Amino acid sequence: MQHDPEPAAGGTVVTGRIITVAQQKGGSGKTTLTVNLAVALRRRGLRVAVLDTDPQGSLGRWFMERLDRMGEDEGLEFSTSSAWGASYESEKLRKRFDVVLIDTPPKIESDLRPALRVADLVVVPVASSQVDLWATEGVLDLAAREKRPVLVVLNRTRPNTRLGAEVAAGAAALGVAVAQSQLANRVAYAETLGRGEAAMEIPRSAARDEVAALTDEVLAHAGG
Ligand SMILES: Nc1ncnc2c1ncn2[C@@H]1O[C@H](COP(=O)(O)OP(=O)(O)OP(=O)(O)O)[C@@H](O)[C@H]1O
Ligand SMILES: [Mg+2]
């Protein structure tokens, strides 16, 4: 079956891009970013596959909730694989989908390599704390070893706080790209995740605006 990819941000045509979301620190927002980017990209007319390599299976729970509520969307597919199967599975998916988003478990081991190696972009969420910032070095080292481009995304930010400014400064000093758009700490992210939805589906919300802006940046870095 053939499909013509529609132009995404800036009129670029996106095909077969693999974006891996990774961060050693648990609860940093990997799954949140995966689902929000997936829905945002889908709403731009792209065909999107999400691949869960985390045995916790939160992404699958989100997808099943979504399926129950909204029914099937042939342009949004869910798949699972082991950590080692990530490159094989995503290479297969990239032939049928414009974007493949890989969600990964909260642990950095050599296991993560297949998901990194295959990525056109590694998106690294950093929840707003120094501890999360420290934990970031592990995934940055692995991505560097695989020579993969990285985009750090500050998540759960609390604008206009000293901590927020400190973490932003720390991120800037990591020596990798840091997205200008940040996701603030908003109950909307937790609520939508539990309902199988995403921020883009809340009309006129701040969460929707920040995810839209982040999606532009992610596409630009993924070589859309
Ligand atoms: N920007 C945000 N604002 C509010 N809550 C958030 C935000 N980002 C994530 N959360 C909440 O924080 C918790 C952890 O987020 P999430 O599951 O996305 O992290 P994770 O990195 O995938 O975790 P794990 O390492 O366990 O896989 C969830 O309850 C989620 O709803
Ligand atoms: Mg997760």
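Atoms within a ligand are numbered from 1 in the order they appear, just like the ligands themselves. No experiment lies behind these values; they were computed from the predicted model shown.
- Of the N and O atoms on the side chains of S28 and D132, not one donor lies less than 3.5 Å from an acceptor on the other residue.
- Counting only heavy atoms, the protein never gets under 4.0 Å from atom 29 (O) of ligand 1.
- When each atom of ligand 1 is checked for a heavy atom of D54 under 4.0 Å away, the hits are 27 (O).
- The atoms of ligand 1 that sit less than 4.0 Å from any heavy atom of N185 are 3 (N), 4 (C).
- Residue S28 places a heavy atom less than 4.0 Å from ligand 1.
- Counting only N and O atoms by type, the side chains of E201 and T192 include no donor and acceptor under 3.5 Å apart.
- Remark: L121 CG to I19 CD1 distance equals 6.0 Å, nearest 0.5 Å.
- When the heavy-atom distances from atom 2 (C) of ligand 1 to R156, Q24, K25, E191 are ranked, the shortest goes to R156.
- Applying the salt bridge (Lys or Arg N to Asp or Glu O under 4.0 Å) rule to pairs touching residues 117-127 yields R17-D120, R94-D120, R117-E146, sequence neighbours excluded.
- Those atoms of ligand 1 that come under 4.0 Å of a heavy atom in G26, given as number and element, are 25 (O).
- Here the CG atom belonging to L37 is positioned 5.5 Å from the CG atom belonging to L214, to the nearest 0.5 angstrom.
- Every atom of ligand 1 with a heavy atom of Q56 under 4.0 Å away is listed here by number and element: 24 (P), 26 (O), 27 (O).
- Contact annotation for R186 and ligand 1: only backbone heavy atoms (N, CA, C, O) come within less than 4.0 Å of the ligand.
- The line from CG of L183 to CG of N36 is 7.0 Å long, rounded to the nearest 0.5 Å.
- For the 3.5 Å distance criterion, the side chains of S181 and E217 qualify, holding a donor opposite an acceptor.
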Could you go through D52 and K30, starting from their C-alpha distance and side-chain angles, then the distance that decides it, and tell me whether this counts as salt bridge (charged side-chain N to carboxylate O under 4.0 Å, His left out)? CA-CA 11 Å; D52 196 359; K30 295 177 286 296; over 6 Å; no
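- In this structure, R42 CZ and R47 CZ are separated by 7.0 Å, a value rounded to the nearest 0.5 Å.
- The closest protein non-hydrogen atom to atom 9 (C) of ligand 1 is T32 OG1, 3.3 Å.
- To the nearest 0.5 angstrom, R113 atom CZ is 7.0 Å from W84 atom CH2.
- Between the side chains of S79 and E89, at least one donor-acceptor pair of N or O atoms lies under 3.5 Å.
- Annotation: atom 17 (O) of ligand 1 to nearest protein heavy atom, T31 CB, 4.0 Å.
- Listed by atom number, the atoms of ligand 1 under 4.0 Å from A184 heavy atoms are 1 (N), 2 (C), 3 (N).
- For atom 8 (N) of ligand 1, the closest non-hydrogen atom of the protein is N155 ND2, 3.0 Å.
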Test side chain to side chain contact (heavy atoms under 4.5 Å, CB included) on V122 and L151 and set out the steps. CA-CA 6 Å; V122 180; L151 182 65; over 6 Å; no
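- Given atom 20 (P) of ligand 1, the protein heavy atom at minimum distance is K30 N, 3.4 Å.
- Where the criterion is an N or O separation shorter than 3.5 Å, residue side chain and backbone included, G27 meets it with respect to ligand 1.
- Nearest protein heavy-atom neighbour of atom 19 (O) of ligand 1: G29 N, 3.1 Å.
- Between V187 and ligand 1, a contact under 3.5 Å exists for no N or O pair.
- The Mg ion (ligand 2) has an N, O or S atom of T31 under 2.8 Å away, backbone or side chain.
- Each of the following atoms of ligand 1 lies closer than 4.0 Å to a heavy atom of A190: 31 (O).
- Close contacts between ligand 1 and P106 involve ligand atoms 25 (O) [criterion: under 4.0 Å to a heavy atom].
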